[in-house]
Amino acid sequence: MKIRLNPSCPFNLNATLCCGQAFRWNKQGEWWYGIVRENAFKIRQIGNDLEFENVEMDFVKSYFGLYDDFPKILLQISEDKHIKRAVETFKGLRILRQDPWECLISYICATYKNISAIKQMLSNLCKKFGDRIYFDGYDSYTFPTPERLAKATTEELAKCGLGYRAKYISKTAKMVYENRYEFEGLRKIAYEKAKEELLNFPGVGLKVADCVLLFSLGKLQAFPVDVWIKRVILKYYASYFPNEFIRKISGKKLLTSSEYKKLNLFGQRYFGDYAGYAQEYLYHYERIKR
DNA sequence: CAAGTGCCTTTATC
DNA sequence: AGATAAAGGCACT
């Protein structure tokens, strides 16, 4: 199947899958292979044509953020030359709508890790606890269900390279499994409320909650602040904060929760309702240009 | 090549 | 409130 993209509403598949928001996509030749819930499929972009196999058109549009009003989003976030430069470089990068369960576990794993290590951990986890699916000449694995992870021992989880995160994954999986937790409910409630609820899961702090809200629940105002975004703010946006505050967070590696909230709120106020989009462009640009 | 640093942080403790 | 330490292990320099 094929979607003919409207040139006035750009989409960039490579940037979308390379920017570090999702960790389980593999490129083979010009096709990207992915698996979402129980479904393995492939997709490629040739100019303005988006081709895919083994997946519904509506799912593709939803998963890749093609229902977002992209021109409006770009207009709203383009506040200055820094963000404009990032947008120009990766124009068409979209915020995905990942599966919330997979996204939650992925970002608990992602704390204090680099992207290649995160990919490795999640690949191990899926190989060990997911189901193998053969599609188009390749084996891929489903993301383990809450039940599978809830029933795994912490030691088994740790063997996947999760380290001290294993106990958080185990506890969170048990909470989700035992309460038959439904993430869909979070879509309907406001950003702040949904964030509060996510913070109840072990291993989920402000940053992880923001990532899950942005990358799986469509809360596009979420503005996750990690070390890269902190660097971006120190470099380009320091003038929007008191000198004393900038000096303080420059001197140390970790942000306290109140410091996180200040940077987070700045992002949301400065970039507006689609701050999450701005975050991902700035994040990707800052990482790539090194 | 060894050793050090950094990694899309959270939690526990004081 | 805010500072500090601890918690895998791997990739990169």
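None of these values were measured; they are calculated from a predicted model. Here is how names work: the chains are called A, B, and so on, in the same order as the sequence lines, proteins then strands, and each is numbered from 1.
- We find that OH of A:Y164 is positioned 11 Å from P of C:dA7, with the value rounded to whole Å.
- A heavy atom lying under 4.0 Å from DNA chain B marks the following residues of residues 238-265 of chain A, by number: A:K253, A:L254.
- A straight line from NZ of A:K207 to P of B:dT10 spans 7 Å, rounded to a whole angstrom.
- The residue among A:I118 and A:K171 whose nearest nucleotide of DNA chain B lies closer to the 5′ end is A:I118.
- Nucleotide C:dA7 is matched to B:dT9 when pairs are restricted to Watson-Crick or G-U wobble geometry with both distances under 3.5 angstrom.
- The residue A:G20 sits close to a base: some heavy atom pair falls under 4.0 Å.
- The shortest distance between the side-chain N/O atoms of A:R287 and the OP1/OP2 oxygens of B:dC8 is below 4.0 Å.
- Base orientation of C:dG8: syn, since the glycosidic angle falls within 90° of 0.
- To the nearest whole angstrom, the two P atoms, one in B:dC8 and one in C:dA6, are 23 Å apart.
- At whole-Å resolution of the value, CD in A:Q120 and P in C:dC10 are 9 Å apart.
- If you check every strand for non-hydrogen atoms under 4.0 Å, A:C19 touches a base.
- At least one side-chain heavy atom of A:Y107 sits under 4.5 Å from a side-chain heavy atom of A:Q21.
- Atom CG of A:L199 is separated from atom P of B:dT9 by 16 Å (rounded to the nearest Å).
- Nucleic acid contact for A:Q21: base, since at least one base atom lies under 4.0 Å from a heavy atom of the residue.
- B:dA12 sits 14 Å from C:dG8 when the P atoms are compared, rounded to a whole Å.
- With respect to the salt-bridge test (charged N to carboxylate O, under 4.0 angstrom), the residues A:R24 and A:E102 qualify.
- In this pair, A:F183 and A:W101 present their aromatic rings tilted. The plane angle is within the 30 to 60° band.
- The OH atom of A:Y285 sits 19 Å away from the P atom of B:dC8 (whole-angstrom rounding).
- Partners of A:Y112 under the side chain to side chain contact (heavy atoms under 4.5 Å, CB included) rule, at least two apart in sequence or in another chain, are A:Y164, A:R165, A:K253.
- For A:K113, taking side-chain heavy atoms from C-beta onward, the closest of the listed nucleotides B:dC8, C:dG9, B:dT10 is C:dG9.
- In this structure, A:N114 places its CG atom 11 Å from P of C:dC10, rounding to the nearest Å.
- A donor and an acceptor atom never sit less than 3.5 Å apart when one is taken from the side chain of A:E286 and the other from the base of B:dC8.
- Although no hydrogens or angles enter the test, the distance criterion places a donor-acceptor pair under 3.5 Å between the side chain of A:T172 and the main chain of A:P202.
- Nucleotide B:dC8 holds its C1' atom 15 Å from the CG atom of A:L213, rounded to whole Å.
- Applying the 4.5 Å side-chain rule to ILVMFWY residues, one finds that A:Y67 remains a lone member of its cluster.
- Separating the NZ atom of A:K167 from the C1' atom of B:dT10 is a distance of 9 Å, rounded to the nearest angstrom.
- Toward the 5′ end of DNA chain B lies the nearest nucleotide of A:F23, the other residue of the pair A:Y168 and A:F23 mapping further downstream.
- Distances from the side chain of A:R165 to the nucleotides C:dG8, B:dC8, B:dT10 place C:dG8 closest.
- Looking at heavy-atom distances under 4.0 Å, A:V225 makes no contact with the nucleic acid at all.
- When distances run from any side-chain atom of A:S116 to the nucleotides B:dC8, C:dA11, B:dG6, the shortest one goes to C:dA11.
- In summary, A:E184 and A:R187 engage in a salt bridge, as defined by a charged side-chain N under 4.0 Å from a carboxylate O.
- Ring planes of A:H82 and A:Y236: parallel class, angle under 30° (limits at 30 and 60°).
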